Participant: 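Below you will find the structure I want to go over with you.
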Amino acid sequence: MQRQVSDPDDLVPPMERSHWVAFAGILLMVSALFNLLTGFVAIFNHGYYSKVYSGGDRLLILNYTAWGWIFVAIGIVMALLALGVLVGSRGARLAGVCLAAFCLVAQMIFLPVYPWWSLFTMLVSLLVVYGLLVEPKHVHGVRV
């Protein structure tokens, strides 16, 4: 016995995700790679950021090496969350929004050092937040 389908939206499987969510998952992985790159440069090339900016060895409240380790840790967690987002985990989406928002603010610290790189990574983080918060149009009632 076949089931009668009156609404075409009933044909969409319940686990199907929006293209924005998939896009945000990929961008979350790209943002993780950017954060890892920023962190490893701060850790292994101790004078890289301090040579560019005349502010010395400190960046806000911590030195460059400490911020480098923070960005490496966040990059690893973001890479794992990106896999969770691509699989469809709601918790990964929520945590991804939080970490992308944190990275958006944290990149303001590097703004005087490398303004174009910081603005670009801030834009990527902003797109990640939007992509993870947008409601899929074809899946009714699914929100972050």
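Please read all numbers here as calculations on a predicted model, not as lab measurements.
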Participant: Do you know the tightest heavy-atom contact between Val129 and Ala100?
Facilitator: CG2-CB, 3.7 Å
Participant: Which atom names give the shortest non-hydrogen contact between Ala32 and Met78, and what distance separates them?
Facilitator: CB-CB, 3.6 Å
Participant: Walk me through whether Thr121 and Trp117 qualify under side-chain contact (heavy atoms from CB on, under 4.5 Å).
Facilitator: CA-CA 6 Å; Thr121 55; Trp117 176 256; 3.8 Å; yes
Participant: Should Trp67 and Leu111 be counted in the same cluster of Ile, Leu, Val, Met, Phe, Trp and Tyr side chains packed under 4.5 Å apart?
Facilitator: no
Participant: Got a second to check how far Leu126's CG is from Tyr130's OH, nearest 0.5 Å?
Facilitator: 10.5 Å
Participant: Determine, stepwise, if the pair Ile74 / Phe102 fulfils side-chain contact (heavy atoms from CB on, under 4.5 Å).
Facilitator: CA-CA 9 Å; Ile74 288 173; Phe102 175 79; 2.9 Å; yes
Participant: Hydrophobic cluster membership, with links at side-chain heavy-atom distances under 4.5 Å among I/L/V/M/F/W/Y: are Leu127 and Leu104 in one?
Facilitator: no
Participant: Is it the case that the ring center of Phe120 lies less than 6.0 angstrom away from the ring center of Phe34?
Facilitator: yes
Participant: Checking side-chain contact (heavy atoms from CB on, under 4.5 Å) for the pair Cys103/Met122: CA distance, chi angles, key distance, verdict?
Facilitator: CA-CA 7 Å; Cys103 288; Met122 289 168 72; over 6 Å; no
Participant: Take Leu99 and Leu81 through the test side-chain contact (heavy atoms from CB on, under 4.5 Å) and record every step on the way to the result.
Facilitator: CA-CA 9 Å; Leu99 276 182; Leu81 290 175; 3.6 Å; yes
Participant: Answer yes if Val124 and Leu119 sit in the same cluster of Ile, Leu, Val, Met, Phe, Trp and Tyr residues linked by side chain heavy atoms under 4.5 Å apart, and no otherwise.
Facilitator: no
Participant: Could you tell me if the side chain of Ile26 sits less than 4.5 Å from the side chain of Phe23, heavy atoms only?
Facilitator: no
Participant: Just by modelled atom types, is the Ser31 backbone N or O under 3.5 Å from a matching donor or acceptor in the Asn35 side chain?
Facilitator: yes
Participant: Give me the atom names and distance for the closest heavy-atom approach of Met29 to Ala79.
Facilitator: CE-O, 3.6 Å
Participant: Starting at CG of Leu80, measure out to CG of Leu28 and round the result to the nearest 0.5 Å.
Facilitator: 10.0 Å
Participant: If hydrophobic clusters are built from ILVMFWY residues whose side chains come within less than 4.5 Å, do Leu123 and Trp116 share one?
Facilitator: no
Participant: Would the distance check show the side chain of Arg93 and the main-chain N or O of Leu132 forming a donor-acceptor pair, the cut-off being under 3.5 Å?
Facilitator: yes
Participant: Out of curiosity, Ser118 OG to Met108 CE, how far, rounded to the nearest 0.5 Å?
Facilitator: 10.5 Å
Participant: What's the shortest heavy-atom distance between Phe71 and Ala106, and which atoms?
Facilitator: CZ-CB, 3.7 Å
Participant: Kindly work out whether a path of hydrophobic side-chain contacts (I/L/V/M/F/W/Y, heavy atoms less than 4.5 Å apart) joins Leu27 to Val77.
Facilitator: yes
Participant: Provide the closest heavy-atom pair for Ser89 versus Ala92 in the form atom of the first, atom of the second, distance.
Facilitator: OG-N, 3.2 Å
